[in-house]
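Take a look at the structure set out below.
Quick caveat, the model's predicted, so the values are computed rather than measured. Letters A, B, ... are given to chains in the order of the sequence lines, protein chains preceding strands, and every chain is numbered from 1.
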Protein chains: 2
Amino acid sequence: MRSHRRRDEHAPRAEQKQATRQALLDAALRLVADKSFDSVSLREVTREVGIVPTAFYRHFESMDELGLVLVDETFRTARRLVRAAREGPLPAEQRIRRSAEALVHYVQAHRPYFQFLVRERFGGVAVIRSAIRHEIRLFESELATDLARAPELSAINTADLQILAGLLVTAMTAITEQVLELPPRGEGLDDVIVLAEKQLRLILLGASIWQSR
Amino acid sequence: MRSHRRRDEHAPRAEQKQATRQALLDAALRLVADKSFDSVSLREVTREVGIVPTAFYRHFESMDELGLVLVDETFRTARRLVRAAREGPLPAEQRIRRSAEALVHYVQAHRPYFQFLVRERFGGVAVIRSAIRHEIRLFESELATDLARAPELSAINTADLQILAGLLVTAMTAITEQVLELPPRGEGLDDVIVLAEKQLRLILLGASIWQSR
DNA sequence: CACCTCAGTGCACGAGTGTGCACCCAGTTG
DNA sequence: CAACTGGGTGCACACTCGTGCACTGAGGTG
């Protein structure tokens, strides 16, 4: 029974602390794969990492705080997807297809994060719920200003663009949920992509002939 | 400290049992209002009802079983809404508006049930999740066959109708979630109705000019 | 009226929980 | 090299939890 067990002996102190902290976050993410966050105990998390329960407090004040950091990490991850999608050139016709593909593959590649997001979005911990809601609202607004630049949508006023953005995000969320329902090594991925493309196309088709007021 | 305490003394036995059973369901529904189902304990539920923990087993084999009954009750409730919406005459133009109103008001009037549904749809208990998923899929199919009867949508093949139904249900779910985000005595209800109407209208607008294949 | 049924009781158990406290010792710092 | 810092330890506490068991007493039944 050694004390001060660590993954990497002889590592600088700050670095080692960061490693343990990240290990706690990873462990929590792993545990919420098959139960909800508020039924994961502090002790479970530390057990998974291999440290004693009280050592948890050297890194987080409570499980809630850890949860909020998890939300943050998740959206940092998600933002990378969006930025990539935004920067790509816009061949108009191919664009919807590419977006659907990107979304589905990205979610599949980062399952645990999106799993957490989808589950805790309406989960039992209020602070986490509202943190996620806030980030999603932010995302919708960004999308709305993006859409404002599209000439095909010039007949839509700002308020309606916000609604359109909301609907698109809703659809993307639903697609995300469908990816997560697939078995982890997903064969049905291509079907979901086709479905995603059609849903997005349908919405944008409606938007293209929508007249505000 | 009396034993055999009961809400209604001198009641027929079977009736009394049913009352306790319902009280357990109601208590559970009340408790999931601010935590997730799998972190509600059997003891909490019985404490809320005012019976001893072990008496729980006279009514349900486990919390999971109670959860499944709750899913059932919830969808029995939801089905009443759908049936009402379906039976109403179809003045085409007013129809979307009326549906949006009906949905929003109905959700508001049965908050606890829909709260439970939304939260546990992706919650930590697998059997409940899949029970809910199953019911929703059923609902989508019913909606799809309904849509098949609409002349405006005759250019859409069966597979695409299923997708359209899925998208509509997704939108309705999102609207449900928004109603639940409102304060219980909701003032913002009317705004959500307007939003719901626009979203549904947008989708159906796209559908009306969609050409399968 | 005697007997049976069974919803609800009361107790006890082992297991799991969050957190306070004193301690230890490797890594850093003057 | 001596002193300090702070991540991790080990123990202890007071809970809560699910469930097994023997029980009680009111409601139903022959």
Inset, instruction - Before accepting this row, confirm whether a basic side-chain N of the pair B/Asp38/A/Lys35 lies closer than 4.0 Å to the acidic partner's carboxylate O. - result: no
Inset, instruction - Return no unless some side-chain N or O of B/Arg13 is found under 4.0 Å from OP1 or OP2 of C/dG8. - result: no
Legend entry - Any residue meeting side chain to side chain contact (heavy atoms under 4.5 Å, CB included) with B/Glu142, in chain and number order, not counting sequence neighbours: B/Arg79, B/Arg86, B/Leu138
Inset, instruction - Mind calculating the distance between CD (B/Glu15) and P (C/dC6) to the nearest angstrom? - result: 18 Å
Inset, instruction - Round to the nearest Å and state the distance from B/Leu24 atom CG to C/dA7 atom C1'. - result: 11 Å
Legend entry - B/Glu181 bridged to A/Arg133 by N-O distance under 4.0 Å: yes
Legend entry - Interface residues of residues 35-45 of chain B with DNA chain D (non-hydrogen, below 4.0 angstrom): B/Ser41, B/Leu42, B/Arg43, B/Glu44
Inset, instruction - Answer yes or no: is there an ion pair linking A/Arg30 with A/Asp26, defined by an N-O contact shorter than 4.0 Å? - result: no
Inset, instruction - Please state how far atom CZ in B/Arg21 lies from atom P in C/dC6, giving the value in whole angstrom units. - result: 16 Å
Inset, instruction - Taking only heavy atoms on the protein side, list every residue of residues 56-69 of chain A lying under 4.0 Å from any atom of DNA chain D, sorted numerically. - result: A/Arg58, A/His59
Inset, instruction - Please confirm whether the backbone N or O of B/Ser36 pairs with a side-chain atom of B/Arg119, one donor and one acceptor, at under 3.5 Å? - result: no
Inset, instruction - Assign the ring pair B/His110 / B/Tyr113 to parallel, tilted or perpendicular, where the plane angle (0 to 90°) is split at 30° and 60°. - result: tilted
Inset, instruction - Using only heavy-atom distances, decide whether a donor-acceptor pair under 3.5 angstrom links the side-chain of A/Thr54 to the base of D/dG10. - result: yes
Legend entry - Atom-to-atom span, CD1 of B/Ile51 to C1' of D/dG25 - whole angstrom: 17 Å
